[in-house]
Number of protein chains: 2
Amino acid sequence: MRKFEDSLPLQLLRAREATMLFFRPLLHDNSLTEQQWRILRALYNYKELESKELAKRCCILSPSLTGILKRLAQQGYIQRRKCHEDQRRALISLTDKAYDLFERLSPEVEAAYAAFINRYSEEKLEELMSMLKELSELEP
Amino acid sequence: MRKFEDSLPLQLLRAREATMLFFRPLLHDNSLTEQQWRILRALYNYKELESKELAKRCCILSPSLTGILKRLAQQGYIQRRKCHEDQRRALISLTDKAYDLFERLSPEVEAAYAAFINRYSEEKLEELMSMLKELSELEP
DNA sequence: TAAAAGTAATTAATGTATTAACAAAGATGG
DNA sequence: CCATCTTTGTTAATACATTAATTACTTTTA
């Protein structure tokens with residue numbers, strides 16, 4: 001059995017934790033969880049997504065997403081409409097309030113990203129992102 | 001604002017999900033969660049750890065660890081003793097039952113790891129691990 | 001040495017993850 | 001057409017994540 005620290009899942013987790021140290025305070029100061037921010041980002045990029053697609057893009061399972069969307073809706077950040085062609089599907093989009101929040105926060109998030117790159121390295125980041133992308137497309 | 005998919009935290013998450021697809025079924029078949037397995041691995045490697053050290057190594061916050069250890073103890077997989085020098089500290093270790101489980105499972109886990117490497121690449125894995133290790137030591 | 005400050009671990013409250021089971025709308029084959 | 005199967009989304013139950021607050025014990029400091 002390989003040594004404890006030589007586990008890829010563990011190192012991915014640690015790397016993510018180290019990265020999130022740059023962003024977590026910012027999200028916390030604005031009463032947003034990581035998942036909520038992921039969803040805001042996804043919806044800002046894609047305007048409108050159906051629940052299943054949103055879940056896959058954000059790496060959130062459907063049952064989790066149900067609850068997260070319910071809370072986001074209560075706070076007035078998202079709206080949903082039923083798809084006419086297929087009554088099962090729900091189409092999710094951001095409210096104006098969410099757009100405002102997003103555009104207020106994104107400069108700060110970008111600044112944190114810049115601080116991260118300054119501390120790490122633009123080249124290493126590109127290299128790492130490319131390796132991660134390839135890995136994430138792997139199937140058992 | 002950078003494109004949604006160009007977020008490092010997201011790519012780290014996706015990469016981890018893709019990796020866990022190789023291991024999750026195995027753990028699930030043995031009624032173990034990821035966190036429980038991480039703790040078993042850590043304790044197998046280090047024989048005995050105090051709670052705080054265990055939490056840091058496993059990337060688990062103390063309040064979460066409290067619950068996880070309680071359940072592991074109920075199932076008879078761990079034992080704890082108080083530190084004599086400092087009565088606040090708890091020293092955790094595996095029971096014989098846990099050692100048996102671990103030694104029964106570890107060949108299968110290693111086989112899954114081999115399948116992963118076969119599907120990915122030994123060299124890429126080494127490269128990636130090295131980059132992740134550097135990243136995880138980064139501080140804001 | 002008694003009070004203050006600090007640390008390890010837990011509890012509490014809320015939010016998310018995971019699996020299984022389920023309801024409802026749609027696709028499919030007889 | 002209708003029974004069946006599939007898919008989307010939800011609910012339920014349990015486990016874990018996160019922050020704040022507490023408890024019990026140590027160390028510092030006045």
Side-chain angles (χ1 to χ4, degrees), chain A residues 9-10 12-14 16-17 20-21 23-40 48-75 77-78 80-92, chain B residues 9-10 13-14 16-17 20-21 23-40 42 48-75 77-78 80-92:
Chain A
L10 178 65
L12 286 166
L13 193 56
R14 287 187 177 172
R16 189 166 198 281
E17 281 308 302
M20 287 311 298
L21 289 181
F23 302 99
R24 229 190 287 276
L26 194 51
L27 298 181
H28 185 242
D29 288 349
N30 290 276
S31 302
L32 287 171
T33 66
E34 291 181 37
Q35 291 83 347
Q36 291 174 334
W37 182 246
R38 276 215 299 294
I39 289 173
L40 293 187
E48 189 175 57
L49 286 172
E50 56 184 81
S51 178
K52 190 190 177 189
E53 183 73 7
L54 182 59
K56 199 170 70 174
R57 290 196 184 277
C58 293
C59 270
I60 293 175
L61 295 178
S62 291
S64 297
L65 189 60
T66 297
I68 299 173
L69 290 182
K70 192 193 308 178
R71 283 179 286 274
L72 281 175
Q74 279 170 355
Q75 298 176 257
Y77 288 134
I78 63 150
R80 48 204 318 165
R81 64 183 185 86
K82 284 220 165 190
C83 178
H84 287 303
E85 303 82 63
D86 187 340
Q87 289 293 96
R88 292 169 303 183
R89 291 177 161 79
L91 295 168
I92 322 288
Chain B
L10 178 66
L13 193 57
R14 287 187 176 170
R16 189 166 198 280
E17 280 309 301
M20 286 311 297
L21 289 181
F23 301 99
R24 231 191 286 274
L26 194 51
L27 298 180
H28 185 242
D29 289 348
N30 289 277
S31 302
L32 286 171
T33 67
E34 290 181 37
Q35 292 83 345
Q36 290 175 334
W37 182 245
R38 274 215 300 294
I39 289 173
L40 293 186
E48 188 175 56
L49 287 172
E50 56 185 78
S51 179
K52 190 190 176 189
E53 182 73 9
L54 182 59
K56 199 170 71 175
R57 289 194 184 279
C58 292
C59 271
I60 293 175
L61 296 177
S62 292
S64 298
L65 189 60
T66 297
I68 301 174
L69 289 181
K70 192 194 305 177
R71 285 179 285 274
L72 282 175
Q74 280 170 354
Q75 298 175 260
Y77 287 135
I78 62 150
R80 50 203 317 163
R81 65 184 185 85
K82 285 220 163 188
C83 178
H84 285 303
E85 303 82 63
D86 187 339
Q87 289 292 97
R88 292 170 303 183
R89 291 179 160 79
L91 295 167
I92 322 287

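Below, each value reflects all heavy atoms present in this structure, side chains not excepted, and no hydrogens, waters or symmetry copies. So that the names make sense, note that chain A is the first sequence line, chain B the second, and so on, each numbered from 1.
The residue among B/E53 and A/I68 whose nearest nucleotide of DNA chain C is located toward the 5' end is B/E53. Place A/L69 and B/H84 on DNA chain D by their nearest nucleotides, and A/L69 ends up nearer the 5' end. Nearest-nucleotide positions on DNA chain D place A/R88 closer to the 5' end than the other of A/R88 and A/E17.
Following rounding to the nearest Å, B/I39 (CD1) and D/dA15 (C1') show an atom-to-atom distance of 12 Å. In this structure, B/L27 atom CG and D/dT14 atom P are separated by 21 Å, rounded to whole Å. Taking atom CG of residue A/L26 and atom P of nucleotide D/dT19, one finds them 13 Å apart after rounding to whole Å. At whole-Å resolution of the value, CD in A/Q87 and P in D/dT10 are 14 Å apart. Here D/dA17 presents its P atom at 15 Å from CE of A/M20, a figure rounded to the nearest Å. D/dT26 atom P lies 10 Å from atom CD of B/E85, rounded to whole Å. At whole-Å resolution of the value, NZ in A/K52 and P in D/dT10 are 14 Å apart. Rounded to an integer number of Å, the gap from B/Q36 CD to D/dA17 C1' is 15 Å.
B/K70 NZ to B/Q74 CD: the interatomic distance, rounded to the nearest 0.5 Å, is 7.5 Å. For the atom pair CD1 of B/I60 and CG of B/L54, the computed distance is 7.0 Å after rounding to the nearest 0.5 Å. Here the CD1 atom belonging to B/I68 is positioned 4.5 Å from the CD1 atom belonging to B/I39, to the nearest 0.5 angstrom.
Contact of the B/E53 side chain with the B/E48 side chain is not registered, since no non-hydrogen atoms from C-beta on lie closer than 4.5 Å.
Looking only at distances, no side-chain donor or acceptor of A/R80 sits under 3.5 Å from a matching main-chain atom of A/A90.
Within the 4.0 Å cut-off from OP1 or OP2 of D/dC16, at least one side-chain nitrogen or oxygen of B/R71 is found. In terms of phosphate contacts, B/Q35 brings a side-chain nitrogen or oxygen within less than 4.0 Å of OP1 or OP2 of D/dA17.
The footprint of chain B on DNA chain C, defined by a heavy-atom cutoff below 4.0 Å, extends from C/dG6 to C/dA20.
Interface remark: the A/R89 side chain does not form any donor-acceptor pair with the D/dT8 base, using a distance-only criterion of under 3.5 Å.
Against DNA chain D, the stretch residues 55-64 of chain A makes heavy-atom approaches under 4.0 Å through A/S62, A/P63.
The two residues A/R14 and B/R57 have their closest heavy-atom pair at NH2-O, 2.7 Å. Here the closest heavy-atom approach between residue B/L13 and residue A/C59 is recorded as CD2-CB, 3.8 Å.
Of the residues A/R89, A/K82, A/H84, the one that meets the side-chain hydrogen bond (donor to acceptor under 3.5 Å, both in side chains) test with A/D86 is A/R89.
Of the charged side-chain nitrogens involved, none lies within less than 4.0 Å of a carboxylate oxygen, so that B/K56 and B/E50 do not count as a salt-bridged pair.
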